[in-house]
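These notes are about the structure you will find just below.
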Amino acid sequence: MTQTGPPTAPEPMEFLDFRVPAEGFSQPLLLWAACHQRGQRVALLLERLFAHLRKHGADDTTRVTSAEVQRYLNEAAPRHHADEDHEIFPRLRRRIDAGTVDIPDAEQTIRALDHLERDHPVLDDLWAQVRAALVHAQSAAPTAAHCACADAFVGSFINHHAVEDQLITPAATVALKPADLAEIGEAMARRRGTTWAALSAPGARA
């Protein structure tokens, strides 16, 4: 039987808990990978959101969803990129350049690092366009240009993470030493507004 009634909006995104368990900073590569998984969910939600906005326009549900997507991409994504640009990628590059670790496809990994670093400002520019499109969509249907920039962002964002998962994560797991991981974890904690002293408190969360 055919259903009638108002169009079904995307289900609101679950509340994104930006806190991180204190013990997580001792395993920074796992935290990094978990952020990829969350980012993929956000990208796919953004894709569904624009599909709904194209057909039906904004409503209370899409406004909540839009706010949650923007919150993630305005707050968590820049910290994630900073983790890569300042901590993970430089340390991995130094280990490979030193020739002291045996990484299959080391040259391909270096090329991937170069590409990913160039990708960050491109993603930032695309996200700025999508953010403007989301603001516009609160009061009017998104234009074809708005939808195109959203599609470009989602595709680029997903592909970016795929390269990191397929090439960088295995290389970093092999190449980075305990001292590297400790420094990365400390920097990630500071970037999220906490310290090792705070993390050592019972029940502490970042």
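Below, all heavy atoms of this structure are taken into account, side chains as well, without hydrogens, waters or symmetry copies. Predicted model only: the values in this text are computed from it and were never measured.
If you take CG on L126 and CG on L73, they are separated by 11.5 Å, rounding to the nearest 0.5 Å. The OG1 atom of T65 sits 10.5 Å away from the CG atom of D60 when rounded to the nearest 0.5 Å. I103 contributes atom CD1, which lies 5.5 Å from atom CG of L92 (distance to the nearest 0.5 angstrom).
Annotation for A137 and L53: closest pair CB-CD1, 3.9 Å, computed over non-hydrogen atoms. Residues A162 and Q40 come closest through the heavy atom pair N-NE2, 4.5 Å. Summarising the geometry of C149 relative to V130, their closest heavy-atom pair is O-CG2, 3.7 Å, with the distance given to 0.1 Å. Of all non-hydrogen atoms in E84 and W32, the two that sit nearest each other are OE2-NE1, 2.8 Å. A58 and T62 get closest at one heavy-atom pair: CA-OG1, 3.4 Å. The shortest non-hydrogen separation linking I184 to P28 is CG2-CB, 3.6 Å.
For residues 96-120, the set of pairs meeting the ring-ring contact (aromatic ring centres under 6.0 Å, His included) definition, not counting sequence neighbours, comprises H81-H120, H120-H160. Pairs passing the salt bridge (charged side-chain N to carboxylate O under 4.0 Å, His left out) check and including a residue from residues 121-134, sequence neighbours excluded, do not occur. Every pair tested for ring-ring contact (aromatic ring centres under 6.0 Å, His included) that includes a residue from residues 82-103 fails, sequence neighbours excluded, so the list is empty. Residue pairs meeting the salt bridge (charged side-chain N to carboxylate O under 4.0 Å, His left out) criterion with at least one partner in residues 90-104, sequence neighbours excluded, are E87-R91, R91-E183, R93-D114, R93-E117, R95-D180.
Under the side chain to side chain contact (heavy atoms under 4.5 Å, CB included) criterion, Q37 pairs with R41, not counting sequence neighbours. Checked against side chain to side chain donor-acceptor pair (under 3.5 Å), T143 has the following partners two or more places apart in sequence or in another chain: H146. Residues satisfying the side chain to side chain donor-acceptor pair (under 3.5 Å) test with H161, not counting sequence neighbours, are none. Legend: residues meeting side chain to side chain contact (heavy atoms under 4.5 Å, CB included) with V135, ordered by chain and number and at least two apart, are absent. Residues that satisfy the side chain to side chain contact (heavy atoms under 4.5 Å, CB included) test with L30, not counting sequence neighbours, are Q27. Considering only residues two or more places apart in sequence or on other chains, D165 meets the side chain to side chain contact (heavy atoms under 4.5 Å, CB included) condition with H36, T169.
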- How far apart are the C-alpha atoms of D119 and S156, what are their side-chain angles, what is the distance that settles it, and do they pass the side-chain contact (heavy atoms from CB on, under 4.5 Å) test? CA-CA 9 Å; D119 225 12; S156 297; 5.5 Å; no
Note to self: Set out, in order, the CA-CA distance, both residues' side-chain angles and the distance that settles side-chain contact (heavy atoms from CB on, under 4.5 Å) for R192 and D83, then state yes or no.
What the structure shows: CA-CA 10 Å; R192 286 153 182 81; D83 294 337; 2.6 Å; yes
Please lay out, stage by stage, how D151 and F50 fare under the test side-chain contact (heavy atoms from CB on, under 4.5 Å). CA-CA 9 Å; D151 289 343; F50 267 87; 5.7 Å; no
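Distance alone, capped at 3.5 Å, is enough to place a donor-acceptor pair between the Q138 side chain and the L134 backbone.
Residues V101 and L176 fail the side-chain proximity criterion, which asks for heavy atoms closer than 4.5 Å. Two residues are said to be in side-chain contact when any heavy atoms from C-beta on lie closer than 4.5 Å; L46 and Y72 fail this criterion. Residues L113 and I110 have side chains in contact (heavy-atom distance under 4.5 Å, counting atoms from C-beta outward).
Aromatic ring pairs are classed by plane angle as parallel below 30°, tilted from 30° to 60° and perpendicular above 60°; the pair F153 and F157 is parallel.
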